[in-house]
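A short worksheet on the structure shown next.
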Amino acid sequence: MAWKIEQWLSDVFPGESEIYAEYRSLPPRELAVVAGAVLDLALAQLLAHRLMDNKKETESLLGLDGDGRAPVASFGSRIQLALLVGLITPADAEILRSIKSLRNLFAHRVNVSFISPEVVAVTTKLHELWVRRTAQLIAAGTL
């Protein structure tokens, strides 16, 4: 499994400097929404690589064919499926759920910013989760 993820990353992910160059000029609200959407799509693509080789059925299930009514078309359902098939750990799922919450705050509220109390709460939690996960990866010799 790890090799498949690493292979996908090297084939699809352009690297942190390219991502930074592309997104650094976005306003904060757009950055929160776009970053969440990019991770949502990345998770959908990782799931597609993990599922049976049936492009039409996989795209239909994951909503990659544009049908938002698909069983696994939402970021939340993709996180849950990725966890259940062993693609991500519970700690990874918790981080992705925090990112989803942050994205939703910016996408579904009119008056919101990074200093809004609800956003501060989510970003604080995300930071704590990230630090904990990073320490786990370092301890395991993975990072």
Side-chain angles (χ1 to χ4, degrees), residues 1-52 55-140 142-143:
M1 176 183 72
W3 181 86
K4 288 181 182 179
I5 293 171
E6 290 168 0
Q7 184 64 43
W8 179 86
L9 282 172
S10 68
D11 290 348
V12 177
F13 183 69
E16 62 276 356
S17 59
E18 288 82 1
I19 293 277
Y20 178 72
E22 186 172 342
Y23 295 136
R24 71 178 170 194
S25 63
L26 292 176
R29 180 184 195 108
E30 285 182 46
L31 181 59
V33 173
V34 169
V38 167
L39 289 171
D40 183 9
L41 180 59
L43 189 57
Q45 290 176 337
L46 284 172
L47 283 164
H49 286 291
R50 182 70 181 263
L51 298 173
M52 190 174 104
K55 185 177 179 180
K56 183 178 180 195
E57 291 297 325
T58 297
E59 288 180 352
S60 175
L61 175 75
L62 297 174
L64 296 174
D65 58 0
D67 187 351
R69 300 169 297 155
V72 191
S74 72
F75 195 11
S77 62
R78 290 174 181 162
I79 294 167
Q80 188 174 24
L81 180 60
L83 177 63
L84 292 172
V85 300
L87 190 59
I88 61 174
T89 68
D92 298 329
E94 199 172 1
I95 289 170
L96 288 171
R97 287 178 174 137
S98 290
I99 292 169
K100 179 182 78 81
S101 294
L102 186 62
R103 182 207 59 189
N104 286 348
L105 284 169
F106 281 98
H108 299 291
R109 304 228 175 158
V110 175
N111 295 316
V112 68
S113 73
F114 275 102
I115 59 170
S116 300
E118 59 272 10
V119 173
V120 170
V122 173
T123 54
T124 300
K125 178 182 177 185
L126 178 59
H127 174 70
E128 291 166 0
L129 293 170
W130 189 262
V131 168
R132 187 179 322 139
R133 184 66 176 133
T134 301
Q136 290 170 344
L137 292 171
I138 290 169
T142 309
L143 186 63

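These figures come from a predicted structure and were not determined experimentally.
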- Query: Where the side chain of Arg103 meets the backbone of Ala37, is there a donor-acceptor pair that is under 3.5 Å apart?
  - Reply: no
- Query: Donor-acceptor pair, Ser60 side chain versus Lys56 backbone, under 3.5 Å?
  - Reply: no
- For the residue pair Thr123 and Leu102, what are the closest heavy atoms and their distance? CG2-CD1, 3.8 Å
- Note on the structure: CG of Leu62 to CG of Leu41, rounded to nearest 0.5 Å, is 10.5 Å
- Output for pair (Thr134 OG1, Leu143 CG), nearest 0.5 Å, gives 6.5 Å
- Message: Would the distance check show the side chain of Arg50 and the main-chain N or O of Val85 forming a donor-acceptor pair, the cut-off being under 3.5 Å?
- Response: yes
- Task: Tell me, with the steps shown, if Arg133 and Leu137 meet side-chain contact (heavy atoms from CB on, under 4.5 Å).
- Result: CA-CA 6 Å; Arg133 184 66 176 133; Leu137 292 171; 3.7 Å; yes
- Query: Which heavy-atom pair separates Ser98 from Leu129 by the least distance, and what is that distance?
  - Reply: OG-CD1, 3.3 Å
- Task: Examine distances only and state if a side-chain atom of Ser116 and a backbone atom of Val119 form a donor-acceptor pair shorter than 3.5 Å.
- Result: no
- 4.5 Å side-chain heavy-atom contact, Asn104 and Phe75: no
- Message: A quick test of your reading: do over 12 heavy atoms of other residues, nucleotides or ligands sit less than 6.0 Å from CD of Gln80?
- Response: no
- Query: Does a donor on one side chain and an acceptor on the other come within less than 3.5 Å for Asp92 and Thr89?
  - Reply: yes
- Query: About how many Å separate CG of Leu96 and CG of Asp40, when rounded to the nearest 0.5 Å?
  - Reply: 9.5 Å
- Query: Between Val38 and Tyr23, which heavy-atom pair has the shortest distance, and what is it?
  - Reply: CG2-OH, 3.3 Å
- If you look at every heavy atom in Gly63 and Ala73, which pair is closest and at what distance? CA-CB, 4.1 Å
